[in-house]
Amino acid sequence: MTQGVWEADSLNECRKLRESIGENTNVACWAVINERWNQLLFGFYPPESYWRPIFALILFGFAISPVLFTTVRKELYILTFTSPFLCYWLLWGDTIWGPVSAAFSFLLGILLFQQISRSKLSILSVPITFVFVVLYWSFLLTPVAEQLDNFIPISLTYIPSKEFGGFMLALIIGITGIILSLPIGILLALGRQSKLLIINKICVFFIEIIRGVPLIVWLFTASLLLNYFLPPGTNFDLMLRVVIMVTLFASAYMAEVIRGGLAALPVGQHEGSSSLGLNYWQSMRLIILPQALKISIPGIVNTFIGLFKDTTLVVFIGLLDPIGLSNAIRATTDWNGIYWELFIFIGLLFFVCCFSMSRYSQFLERRLQTEHR
Amino acid sequence: MSQASQESAVNDKNMTASGEPIIQIQKMNKWFGQFHVLKEIDLEVVTGERIVICGPSGSGKSTLIRCINRLEEHQEGQIVVDGIELTSDLKHIEQVRREVGMVFQHFNLFPHLTVLENCTLAPIWVRKQPKAEAESTAMSYLERVKIPDQAHKYPGQLSGGQQQRVAIARSLCMQPRIMLFDEPTSALDPEMIKEVLDVMIELADTGMTMLVVTHEMGFARTVANRVIFMDEGQIIEQNEPEEFFNNPQSDRTKLFLSQILQH
């Protein structure tokens, strides 16, 4: 197995080389991975721009490090908040002012939220902020970006989503889904426990509908059905639609996992925090959620891993994830007939990621252990 | 140590607590579903008063004090705490809870925070105190309950008695005007009860208004200004401890006292 064939341009050449090693040899033909390495990792992303996803991944690594490890310098949190916009710019390119304008809208939203919560209209702070951000995205996002671009043009070559592929695609969908599904899941879980009837019913309805239908159906909905509901002429990126669907799907599962953690907390924790005068959000943020999330770590990571592996389902709606590419590679005349070398490689890539997540969750559980140490 | 503090409490008791009323409960009724748990409760507590509430289990004594900081909602009647009426208005409830500390049977410490963090959390987030100030206040209260050296441990590493003393310190850090104790020693091993009662006796010496639900009749004798006996959701009898224990009026009280003082 270790001494497989590494240098060959096609399966036939590989077989010839194999016979030259000796009679009855049955070594693997790893040459396919060697030859299609870039394609398996990047899909049809332009080779001269490979540095962009690599750089984005490194940036992401630094950005996530202060969240994962307490020993990392806190200054890196600046990256944590800027990297989503930077990574978007690096991956898709075009003018930098688009992501900057988007970041600006969130910044304005946060400031607006703080101002309103201090004023008499504090009950309306969430809806007003939401409406503001939506209006900004509808009417101001592009004009602001264009104006700034005329002023100081900084841009990278635009790369459309259809050129994205390979393991990079799985990572982009997986990481985005993982990061967004946790907060949405928390809100849904809290909503499901809420005594406010409307919020409660909306959350229950959302969770049950999303969770009750297979992911593949939602992916087809995203790729085919959604176009009928959107106004004609809108060009809503397929990859973005897929990311949204995967995120919502994982959020519904996440909500139920976190609800389990919330239910496991003794009622005394709620009473303890309210008797000290903490309000609902303070008590959730400081007392209830830290403990409920800690209890739910195994379930949360389970959902993360499930989500990450489910990204391979996008092959059915025509995105070129690693499985999609392996099908394409096996369809070429050069590599027709090769099977398990590709699948072992893809399996290995996924295993490394999922196993790291699992190890990290065990590390985190040990770190958060506060009894009898 | 405790002998001295008990004596001082006794001496103190002779001075009648004569402040303005701080808790007023009028014609308060509460139901759990169909079950009428509190019936026509009338109670007035003045500043500095130390009240012990006793009665058989299920008599509504815990529910009564939990109504005072709105951990339980009452359906009829009026509760006014420190001049604020308890209604469904969240602002009022939060205001009252800031002034009313509560100690629970099962401590309800936050296991994911250290002892010190348990104590500083509410002052920092609710009273908006600077962290350093909150920490020094917390340390002084931890000294008063005699566990300053445990400040950086987690609650799970402490004994039950120590945990309950932390819980008392945590409530005191908010500098409340009233302290409620809901069976503070019922979940403790016998040898730990004393250390908690000692802390409560010292607290009584400072003039804190206290409402204590407990079965510790020795504590009631030495510390209370008034003992209230409840049964089936009603206040059956209330009196000064001497009178209450030596000369109970109702048959129900006599029966209760004979049962718990037998041993």
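Both backbone and side-chain heavy atoms feed into the values below; hydrogens, waters and symmetry mates do not. The structure displayed is predicted, hence computed values, not measured ones. Lettering of chains follows the sequences in order, A, B, ..., and the numbering in each one begins at 1.
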- chain A interface, residue from Arg170(B), Met102(B), His106(B) that has the most non-hydrogen pairs under 4.5 Å: Arg170(B)
- Portion of Ile93(B) that has a non-hydrogen atom of chain A nearer than 4.5 angstrom: neither
- Message: Would you compute the distance between atom CE of Met174(B) and atom CG of Leu278(A) and round it to the nearest 0.5 angstrom?
- Response: 7.5 Å
- Message: Among residues at least two apart in sequence or on other chains, which ones pass salt bridge (charged side-chain N to carboxylate O under 4.0 Å, His left out) with Glu256(A)?
- Response: Arg192(A), Arg211(A), Arg259(A)
- Looking only at heavy atoms, what is the nearest atom pair of Gln291(A) and Pro111(B), with distance? OE1-CG, 3.2 Å
- chain A shares the most heavy-atom pairs under 4.5 Å, among Arg98(B), Gln105(B), Glu94(B), with Glu94(B)
- Does a sphere of radius 6.0 Å around CZ in Phe32(B) hold more than 12 heavy atoms from other residues, nucleotides or ligands, not counting ones at 6.0 Å or beyond? yes
- Message: Atom CZ of residue position Phe104(A) - does it have more than 12 heavy atoms of other residues, nucleotides or ligands inside 6.0 Å?
- Response: no
- List the steps, then state whether side chain to side chain contact (heavy atoms under 4.5 Å, CB included) holds for Leu121(B) with Gln282(A). CA-CA 10 Å; Leu121(B) 184 97; Gln282(A) 288 172 333; over 6 Å; no
- Please report the closest heavy-atom contact between Ser171(B) and Leu276(A), naming both atoms and the distance. CA-CD2, 4.4 Å
- Query: For the residue pair Ser275(A) and Asn69(B), what are the closest heavy atoms and their distance?
  - Reply: CB-ND2, 3.8 Å
- Message: How close do Ile287(A) and His112(B) get, counting heavy atoms only, and between which atoms?
- Response: O-CE1, 3.7 Å
- Query: chain A heavy atoms under 4.5 Å from Phe104(B): which part of the residue, side chain, backbone, both or neither?
  - Reply: side chain
- Checking heavy atoms, do the side chain of Val103(B), its backbone, both or neither come under 4.5 Å from chain A? neither
- Message: Tell me if the NZ atom of Lys309(A) is crowded by more than 12 foreign heavy atoms within 6.0 Å.
- Response: no
- Message: So for atom CZ, which belongs to Phe363(A), do other residues, nucleotides or ligands contribute more than 12 heavy atoms lying within a distance under 6.0 Å?
- Response: yes
- Message: Is it the case that over 12 heavy atoms from other parts of the model lie below 6.0 angstrom from the NZ atom of Lys74(A)?
- Response: yes
- Task: Rounded to the nearest 0.5 Å, what's the gap from CZ on Phe110(B) to OG on Ser283(A)? Could you check?
- Result: 8.0 Å
- Message: Using modelled atom types and a 3.5 Å cut-off, is there a donor and acceptor pairing between side-chain atoms of Asn108(B) and backbone atoms of Gly268(A)?
- Response: yes
- Task: Heavy-atom distances under 4.5 Å only: say whether Arg66(B) touches chain A with side chain, backbone, both or neither.
- Result: side chain
